[in-house]
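Report on the following structure.
Just so we're clear, the structure is a prediction, and the values are computed from it rather than from any experiment.
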Amino acid sequence: PLPGYITLSLMAEKGRPFGGYDLLQSILGVGLPHGERQIFHRYDSDDPTKILFSLASIAKPGTFALETMGSFSTPGLIFIFEIERTPE
């Protein structure tokens, strides 16, 4: 099977970007650790090596630098789900 992706965008209200420590606390509070590629991930509880989905910033480069989260903001977030698909 070939990997494919489904993405879901969550946009902030116009003029009120997501940001700072409130965003970080919300993400960590729902159990998404910061990790590989400097984005957040949800792991499978039965297989902690398997990523169920990832969360990135919609603004380039898409990463979250923990050391600058206090001044960070983004107009939106992207949830990334990897799926397996069969080649045609």
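In the hydrophobic clustering of ILVMFWY residues, with side-chain heavy atoms under 4.5 Å counting as a link, Y43 and I83 come out apart. Taking hydrophobic clusters as Ile, Leu, Val, Met, Phe, Trp and Tyr residues chained together by side-chain heavy-atom distances below 4.5 Å, F53 shares a cluster with L77. One hydrophobic cluster, built from ILVMFWY side chains closer than 4.5 Å, cannot hold both I51 and V30; they sit in different ones.
Aromatic pair F64/F40: centroids less than 6.0 angstrom apart.
Side-chain contact between T74 and P17 is absent, with no heavy atoms from C-beta onward closer than 4.5 Å. S57 has its side chain within reach of F72: a pair of non-hydrogen atoms, C-beta onward, lies under 4.5 Å apart.
Taking both residues in full, the closest heavy atoms of D47 and T49 are given as OD1-OG1, 2.6 Å, listed atom of the first, atom of the second, then distance. Contact detail for H41 and E36: the closest heavy-atom pair is NE2-O, 2.9 Å.
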So S54 and R37, side-chain contact (heavy atoms from CB on, under 4.5 Å) or not? Walk me through it. CA-CA 10 Å; S54 299; R37 298 181 304 238; 3.8 Å; yes
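In this structure, L55 CG and H34 NE2 are separated by 10.0 Å, a value rounded to the nearest 0.5 Å. The structure places CE of M69 at 4.5 Å from CG of L23, a figure rounded to the nearest 0.5 Å. Residue I58 holds its CD1 atom at 4.5 Å from CD1 of I78, rounded to the nearest 0.5 Å. For the atom pair CD1 (I80) and OG (S9), the distance works out to 9.5 Å, reported to the nearest 0.5 Å. Separation of atoms CZ (F18) and CG (L24) is listed at 14.5 Å; rounding is to 0.5 Å.
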